[in-house]
Number of protein chains: 2
Amino acid sequence: MAQTSTATVSRVLSNKPGVTEEKRQRILQIAQRVGYSPNRIAKNLSLKKSHVFGFIAADIRNMAYVEFFHRIQALAREIGYQVHIADSEQDVEKERVNIGLMREHRAEGLIVFPVHDWHTGSDLDHFLQLKLQRFPFVLVGRAEGYGFDSVVSEEIPTAMELTRHLLGLGHRRIGFLGAEDDNRCIAERVEGTRRALSEAGLELRPSDTIALRDEWKDEFKELLSRRERPTAFVCVNDVWAMMAYRPIRELNLSIPGDISLVSFGNNLWSEHLIPALTTSVERSREIAETAMAILLRRLEDPTVPPMQESVGQDIRLRESTAPPPGNVSPARAGGKRVARSG
Amino acid sequence: MAQTSTATVSRVLSNKPGVTEEKRQRILQIAQRVGYSPNRIAKNLSLKKSHVFGFIAADIRNMAYVEFFHRIQALAREIGYQVHIADSEQDVEKERVNIGLMREHRAEGLIVFPVHDWHTGSDLDHFLQLKLQRFPFVLVGRAEGYGFDSVVSEEIPTAMELTRHLLGLGHRRIGFLGAEDDNRCIAERVEGTRRALSEAGLELRPSDTIALRDEWKDEFKELLSRRERPTAFVCVNDVWAMMAYRPIRELNLSIPGDISLVSFGNNLWSEHLIPALTTSVERSREIAETAMAILLRRLEDPTVPPMQESVGQDIRLRESTAPPPGNVSPARAGGKRVARSG
DNA sequence: GAGCAGACCGCAAGCGCTTACAGACGCGCA
DNA sequence: TGCGCGTCTGTAAGCGCTTGCGGTCTGCTC
């Protein structure tokens, strides 16, 4: 307090009207001089608003989040919000306490990548409770059947599109790398592959499906060594695809000469692989923006019905796909693929 | 307030002694029943402690942070702290406002990856000011000459070790990929390479040094096409290394047959490349732990002299290095490299 | 010159918690 | 019975801000 009341100071520092220009300047100057920094904690307490959103990640180390988080963060900042981040480390229990913590910090809304996608038993109690209490939150990455606000990436259509690309090149036997049952997202990728195949009167054979397991590499090599084997694989993500390069090479098979590979979830390196990998790419930025939009909408009107959005993925055609050996695709006449994209 | 004063309630909810067991139980039960969630904001205000550390990243999208951040976060949580994260987006001005915001939120300490490593002009004013005000903060990733608390990754020794590995294989002309002058970390990598070479009586020729520029790829190919050319390159990071694979391949040269490649900063995919890349790997976890330790130390005793730690990097020998063509290394008798590691 | 609107400004209450302090109570002892 | 002491509990004053309300002052109108 320099020469005036705290009320006046408060008014100038919050840009409220009703203060003489002269006083305003004087106060600002003093504030500047003494290096005054307003106490947000007190401000928030007083305003009964925290200006905080919570972001709860199932596993923060999954880089897939970085772009997403970056965008959320930027959007939040634009409207003067901070985002608190918490890591569930793939543990439902931690997820639960994270939610509790966020509430203690009076986060005004939550954006969460849940640990589980197929909720069994009590795994979703905490979300149901949130919903019950009208606490604004949006689930991302995993669709839900409980009327939660959510945004997901379209897995089935993407899988179908990738598979159709292979079918279009002339492949007739297509396998799947990295299947898992208890993960909805992955299950959907398998499902999409299956559907596209069955559209073409083909099927995804169980024996052509390699699941996540320690011995996958041996199984895979064994599969590749058979006389009758797939000429292309859909990989569940590009880490799997990348891992597949080596056994294929070790069997003296070539990509895409003998085996074509497509995968999900473009990471920035997949274009640098040799051959560059054909992948889908999640529109993280758009997902983030959608999630934020939903949250804000919910905030301004808690009564709107559940919002469930899905955003598509883009396909990047690169070098890892070509017609199967001994076959010339209807579309192209052999030779080296030149498609490129970033 | 159920049947007692707020003071008593406060005491039980903060696990303070001096409350009859009976009352304690009753209060806990009521709290449970009404789903009471303490207001951290008020608590912090009252305690005059925020229980918050700030983490300011130069560019959050740089995945190199994920492991680091994860660890910081975990450590902070263990002692009941939250960490607020801010993104400077490679912009000093944003860095400045981020610091301001953190102070408004009364963060008790800051961990920052500064935007610039070689501070010029006013780029470090804000840090000097922090130091002046005894505000606890630690700079990471970039060494400083101003007596700031800091922890860095050892670049020069690592570069020397990588280069010595190449020298040990018999390489006599070694180039550098991705040089940059105005970045300390990169400059140190160049410097380390240079030193190791001069130890061996060799030099790093300017013409063998490819800098970050749009035309780097053409320059690189031109260099590779000369009769006299390097037989190995040190790459400034593994994205560069990965990008180098292609032009080398396009010239029908092989890795490591014709050209050996080593690089810095192992990302999880570099082992999946074909051939797998020999790289160094930052001990992110250790860096995080060191940074946190320094911060805590400073917190408990603001007067200790500046702490500057450096943590080493590990070298992962993989497949991208071999003796130069027409040469048999003293250590090994040709053939295929089998070194492997994760 | 009295009355009044409007612009400024300060008082003080209040945000939800903590905690120093003092009161109430039970106990043992002289 | 009276006193001192230790234990438990409530009162109230803050923490640093916002803001409704009422007071003061200026300048205008009639």
Side-chain angles (χ1 to χ4, degrees), chain A residues 1-52 54 79-82 84 100-109 133 135 299, chain B residues 1-52 54 79-82 84 100-108 133 135:
Chain A
M1 228 279 254
Q3 354 262 348
T4 166
S5 80
T6 67
T8 312
V9 173
S10 169
R11 280 191 262 263
V12 358
L13 292 172
S14 319
N15 287 314
K16 292 244 160 46
V19 181
T20 350
E21 194 50 29
E22 183 236 326
K23 260 201 163 70
R24 156 167 264 117
Q25 288 306 332
R26 186 149 46 84
I27 291 176
L28 285 177
Q29 280 208 302
I30 296 187
Q32 174 80 30
R33 188 153 49 72
V34 303
Y36 171 82
S37 159
N39 185 330
R40 285 271 205 223
I41 306 186
K43 178 165 190 163
N44 288 338
L45 175 60
S46 171
L47 290 176
K48 301 208 279 184
K49 286 197 102 213
S50 63
H51 291 274
V52 161
I79 53 173
Y81 274 68
Q82 262 228 290
H84 285 192
L101 282 176
M102 288 298 180
R103 304 200 60 173
E104 293 193 5
H105 284 279
R106 295 297 182 268
E108 294 172 31
Q133 302 170 181
F135 190 97
L299 246 19
Chain B
M1 228 276 256
Q3 354 261 349
T4 166
S5 80
T6 66
T8 313
V9 174
S10 170
R11 281 191 262 264
V12 358
L13 292 171
S14 317
N15 286 314
K16 292 244 161 48
V19 180
T20 351
E21 195 51 28
E22 182 236 328
K23 261 203 162 68
R24 156 168 265 117
Q25 289 306 332
R26 185 151 44 85
I27 291 176
L28 286 177
Q29 281 209 301
I30 297 188
Q32 175 79 30
R33 188 156 46 72
V34 302
Y36 170 82
S37 159
N39 185 329
R40 284 272 205 224
I41 307 186
K43 178 166 189 162
N44 288 337
L45 175 61
S46 172
L47 289 176
K48 301 208 279 185
K49 285 197 103 215
S50 62
H51 290 274
V52 161
I79 53 173
Y81 274 68
Q82 262 229 290
H84 286 193
L101 281 176
M102 288 299 180
R103 303 200 60 172
E104 293 192 5
H105 284 279
R106 295 297 183 268
E108 295 171 31
Q133 302 170 181
F135 190 97

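This is a predicted model, so every value here is computed, not measured.
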Next item on the list: Evaluate the criterion side-chain contact (heavy atoms from CB on, under 4.5 Å) for residue pair A:Asn39 and B:Arg106; output intermediate values, then yes/no.
Entry: CA-CA 7 Å; A:Asn39 185 330; B:Arg106 295 297 183 268; 3.7 Å; yes

Next item on the list: Quick one: do B:Ile27 and B:Arg11 satisfy side-chain contact (heavy atoms from CB on, under 4.5 Å)? Show the steps, please.
Entry: CA-CA 10 Å; B:Ile27 291 176; B:Arg11 281 191 262 264; over 6 Å; no

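In the set D:dG10, C:dG16, D:dT19, C:dG16 carries the atom at the smallest distance from any side-chain atom of B:Ala42. Comparing C:dT19, D:dG14, C:dC11 against the side chain of B:Ser46 picks out D:dG14 as the nearest. Of the candidate nucleotides D:dC17, C:dC17, D:dT19, D:dT19 has the atom nearest to the side chain of A:Leu47.
Comparing B:Lys48 and A:Lys16 against DNA chain D, the residue whose closest nucleotide sits nearer the 5' end is B:Lys48.
Regarding B:Asn15, its CG atom lies at a distance of 16 Å from the C1' atom of C:dT19, rounded to whole Å. Distance CD (B:Glu21) to P (D:dT9): 11 Å, rounded to an integer number of Å. Atom-to-atom, NE2 of A:His105 to P of C:dG16 comes out at 17 Å; the value is rounded to the nearest Å. Rounded to whole angstrom, the span from the CG atom of B:Asn39 across to the P atom of D:dC15 amounts to 18 Å. Taking atom CG of B:Asn44 as the reference point, atom P of C:dC15 lies 19 Å away to the nearest angstrom. Rounded to an integer number of Å, the gap from NZ of B:Lys49 to P of C:dT19 is 12 Å. One atom, CD1 of B:Ile41, and another, P of D:dT18, lie 14 Å apart when rounded to the nearest Å. Separating the CD atom of B:Glu22 from the C1' atom of D:dT9 is a distance of 13 Å, rounded to the nearest angstrom.
Contact between the side-chain N/O atoms of B:Lys43 and the OP1/OP2 oxygens of C:dG16 is not found at any separation under 4.0 Å. OP1 or OP2 of D:dC17 sits under 4.0 Å from a side-chain N or O of A:Tyr36. For D:dT9, neither phosphate oxygen OP1 nor OP2 lies less than 4.0 angstrom from any side-chain nitrogen or oxygen of B:Thr8. A close approach under 4.0 Å does occur between a side-chain nitrogen or oxygen of A:Lys23 and OP1 or OP2 of C:dC9. Close to C:dC9, at under 4.0 Å from its OP1 or OP2, lies a side-chain N or O of A:Thr20. Between A:Ser14 and D:dT18 there is a side-chain polar atom (N or O) within less than 4.0 angstrom of OP1 or OP2.
Relative orientation of the A:His84 and B:His84 rings is tilted, given thresholds of 30° and 60° on the angle between their planes. Aromatic ring orientation, B:His51 versus B:Tyr81: tilted (interplanar angle from 30° to 60°).
One can find a donor-acceptor pair under 3.5 Å joining the base of C:dG10 and the side-chain atoms of A:Arg11.
A donor atom on one side chain and an acceptor atom on the other are not found under 3.5 Å apart for B:Gln25 and B:Gln29.
Note on B:Leu45: a base of the nucleic acid sits closer than 4.0 angstrom, heavy atoms only. At the heavy-atom level, B:Ser10 lies under 4.0 Å from base atoms of the strands shown.
Taking every heavy atom of both residues into account, B:Ser50 and B:Asn44 meet most closely at O-ND2, 3.3 Å.
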